[in-house]
Asks: 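Below: one structure in structure tokens.
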Amino acid sequence: MTFDLFDALEATEQSQEQLAPGAFVLRAFALPYVQQLLPALAAIEQASPFRHLITPGGFRMSVAMTCCGELGWTSDRRGYRYSAIDPDTGRHWPPLPTVFLQLAQSAAAQAGFDGFMPEACLINRYEPGTRLTLHQDKDELDYGAPIVSVSLGIPAMFLFGGNARNDKAARVPLFHGDVVVWGGPDRLRFHGILPLKEAEHSLLGRQRINLTFRKVA
DNA sequence: CAGTCGCG
DNA sequence: GGAG
């Protein structure tokens with residue numbers, strides 16, 4: 001039988017780790033919000049279903065994505081962009097639920113970023129095998145605001161790299177309820193997710209949901 | 001190059 | 001031969 005610490009670990013008490021001067025892992029920070037988060041997520045998914053985006057290179061992303069908020073992030077052969085309209089439905093993205101905003105603002109403040117006002121929340125759905133290669137979040141006009149990233153469901157190995165693609169990336173296991181916040185001098189750090197291991201979560205099944213909050217403009 | 005692939 |  002195979003078994004390791006990565007499979008067994010899951011933070012149940014809140015704690016804080018500093019990855020860099022402007023980057024923090026807030027363990028279990030989102031747990032008090034989960035009961036309200038999940039029904040809000042179900043409503044968003046019904047209005048703007050998850051879809052696999054195509055990169056400018058013509059490849060299908062393994063993560064399934066949707067968005068909520070005034071603006072949503074999308075990609076196609078023409079490039080990456082933020083849009084007020086969901087290109088799949090032709091309608092506005094669902095509004096940012098109050099509980100989403102409360103969680104994002106309190107996590108940002110906990111990491112030292114007061115007054116965070118995101119207008120976009122990108123929602124990524126991972127299944128075992130799904131990955132996100134090293135990239136920068138640089139489609140926003142405002143790099144003064146941090147990125148707030150919430151993990152729900154099965155664990156994932158987060159890669160936190162440097163400001164250059166070839167910089168060696170730190171590996172940070174992320175579990176249900178963990179929140180990562182990075183901004184200031186670390187706002188443009190490369191980051192990604194290794195292919196997820198097979199796992200099952202009691203609330204979310206064989207999936208990981210990631211909420212990423214950004215101030216776009 | 002938010003991708004896959006080849007190489008080592 | 002597999003992971004990164």
Side-chain angles (χ1 to χ4, degrees), chain A residues 2-7 19-20 23 44-45 48-69 71-88 93 104 118-143 145-174 178-183 186-199 207-217:
Chain A
T2 61
F3 183 86
D4 61 30
L5 286 174
F6 180 72
D7 296 317
L19 297 176
I44 291 165
E45 179 175 356
S48 275
F50 283 104
R51 79 293 306 262
H52 292 273
L53 298 178
I54 302 300
T55 65
F59 297 102
R60 172 188 183 274
M61 295 178 67
S62 64
V63 290
M65 296 180 164
T66 188
C67 300
C68 62
L71 294 169
W73 186 88
T74 63
S75 173
D76 58 27
R77 288 166 193 79
R78 292 158 34 203
Y80 310 134
R81 76 185 64 75
Y82 280 95
S83 168
I85 301 296
D86 175 352
D88 273 25
W93 299 101
E119 58 266 350
C121 176
L122 175 56
I123 304 170
N124 293 152
R125 185 186 65 198
Y126 297 76
E127 291 172 31
T130 302
R131 70 158 84 189
L132 198 56
T133 59
L134 225 47
H135 67 279
Q136 292 172 300
D137 293 357
K138 59 177 183 183
D139 300 316
E140 302 75 25
L141 301 174
D142 182 356
Y143 296 155
I147 300 293
V148 174
S149 174
V150 177
S151 294
L152 301 169
I154 65 177
M157 190 64 80
F158 181 60
L159 302 173
F160 192 69
N163 293 314
R165 185 180 292 274
N166 289 337
D167 292 347
K168 181 173 171 57
R171 291 164 166 242
V172 182
L174 295 179
D178 292 349
V179 180
V180 185
V181 181
W182 64 97
D186 299 306
R187 173 61 179 74
L188 290 175
R189 297 275 283 244
F190 277 86
H191 57 282
I193 292 286
L194 289 183
L196 260 66
K197 296 175 62 171
E198 187 63 55
Q207 64 175 345
R208 169 177 187 262
I209 298 290
N210 176 70
L211 312 176
T212 308
F213 297 90
R214 302 100 181 270
K215 173 155 187 57
V216 177

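What's counted below: heavy atoms across the whole structure, side chains too, no hydrogens, waters or symmetry copies. Lettering of chains follows the sequences in order, A, B, ..., and the numbering in each one begins at 1.
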Asks: Can you measure A/Leu134 atom CG to B/dG3 atom C1' for me and round it to whole angstrom units?
Replies: 13 Å
Asks: Mind calculating the distance between CE (A/Met61) and P (B/dG3) to the nearest angstrom?
Replies: 5 Å
Asks: In whole angstroms, how far is the P atom of B/dG3 from the CD1 atom of A/Ile193?
Replies: 11 Å
Asks: Between the side chains of A/Thr74 and A/Asp76, is a donor N or O closer than 3.5 angstrom to an acceptor N or O?
Replies: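 Side-chain D/A pair, A/Thr74 to A/Asp76: absent.
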Asks: Could you tell me whether A/Ser75 contacts a base, only the sugar-phosphate backbone, or nothing, with contacts defined as non-hydrogen atoms closer than 4.0 Å?
Replies: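 If one applies the 4.0 Å heavy-atom cut-off, A/Ser75 turns out to touch nothing in the nucleic acid.
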Asks: May I ask you to verify if any side-chain N or O of A/Arg165 is less than 4.0 angstrom from the OP1 or OP2 atom of B/dG3?
Replies: no
Asks: Just how far, in rounded Å, is P of B/dA2 from CD1 of A/Ile123?
Replies: 21 Å
Asks: Run the side-chain contact (heavy atoms from CB on, under 4.5 Å) test on A/Trp93 and A/Ile44 for me, step by step, so that the C-alpha distance in whole Å, both residues' side-chain angles and the decisive distance to 0.1 Å come before the verdict.
Replies: CA-CA 8 Å; A/Trp93 299 101; A/Ile44 291 165; over 6 Å; no
Asks: Name the one of A/Asn210, A/Asp137, A/Asp178, A/Asn124 that satisfies side-chain hydrogen bond (donor to acceptor under 3.5 Å, both in side chains) with A/Ser149?
Replies: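 Answer after filtering A/Asn210, A/Asp137, A/Asp178, A/Asn124: A/Asn210.
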Asks: Judged by atom type as modelled, is there a donor-acceptor pair below 3.5 Å linking the side chain of A/Tyr143 to the main-chain atoms of A/Lys138?
Replies: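 Such a contact is found between A/Tyr143 side chain and A/Lys138 backbone.
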Asks: So, is A/Arg171 close to the C/dG4 phosphate, meaning a side-chain N or O under 4.0 Å from OP1 or OP2?
Replies: yes
Asks: Counting any heavy atom closer than 4.0 Å, what does A/Arg214 reach on the DNA or RNA strands: base, sugar-phosphate only, or nothing?
Replies: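 Since a base atom lies under 4.0 Å of A/Arg214, the category is base.
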Asks: A/Gln136 has an atom CD; how far is it from atom C1' of B/dA2, in whole Å?
Replies: 11 Å
Asks: How many whole angstroms separate atom CZ of A/Phe160 from atom C1' of C/dG4?
Replies: 19 Å
Asks: Mind checking whether A/Phe158 and A/His191 have parallel, tilted or perpendicular rings, split at 30° and 60°?
Replies: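 Answer is tilted, since the angle falls between 30° and 60°.
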Asks: Categorize A/Asp139 for me: base, sugar-phosphate, or nothing, with a 4.0 angstrom heavy-atom threshold over every strand shown.
Replies: base
Asks: Base, sugar-phosphate or nothing for A/Asp137? Non-hydrogen atoms, less than 4.0 Å.
Replies: base
Asks: In whole angstrom, give the distance that lies between atom CZ of A/Arg131 and atom P of C/dG4.
Replies: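 It is 9 Å, rounded to the nearest whole Å.
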Asks: A/Arg51 has an atom CZ; how far is it from atom C1' of B/dA2, in whole Å?
Replies: 15 Å
Asks: On a whole-Å scale, what distance lies between the P atoms belonging to B/dC1 and C/dG4?
Replies: 23 Å
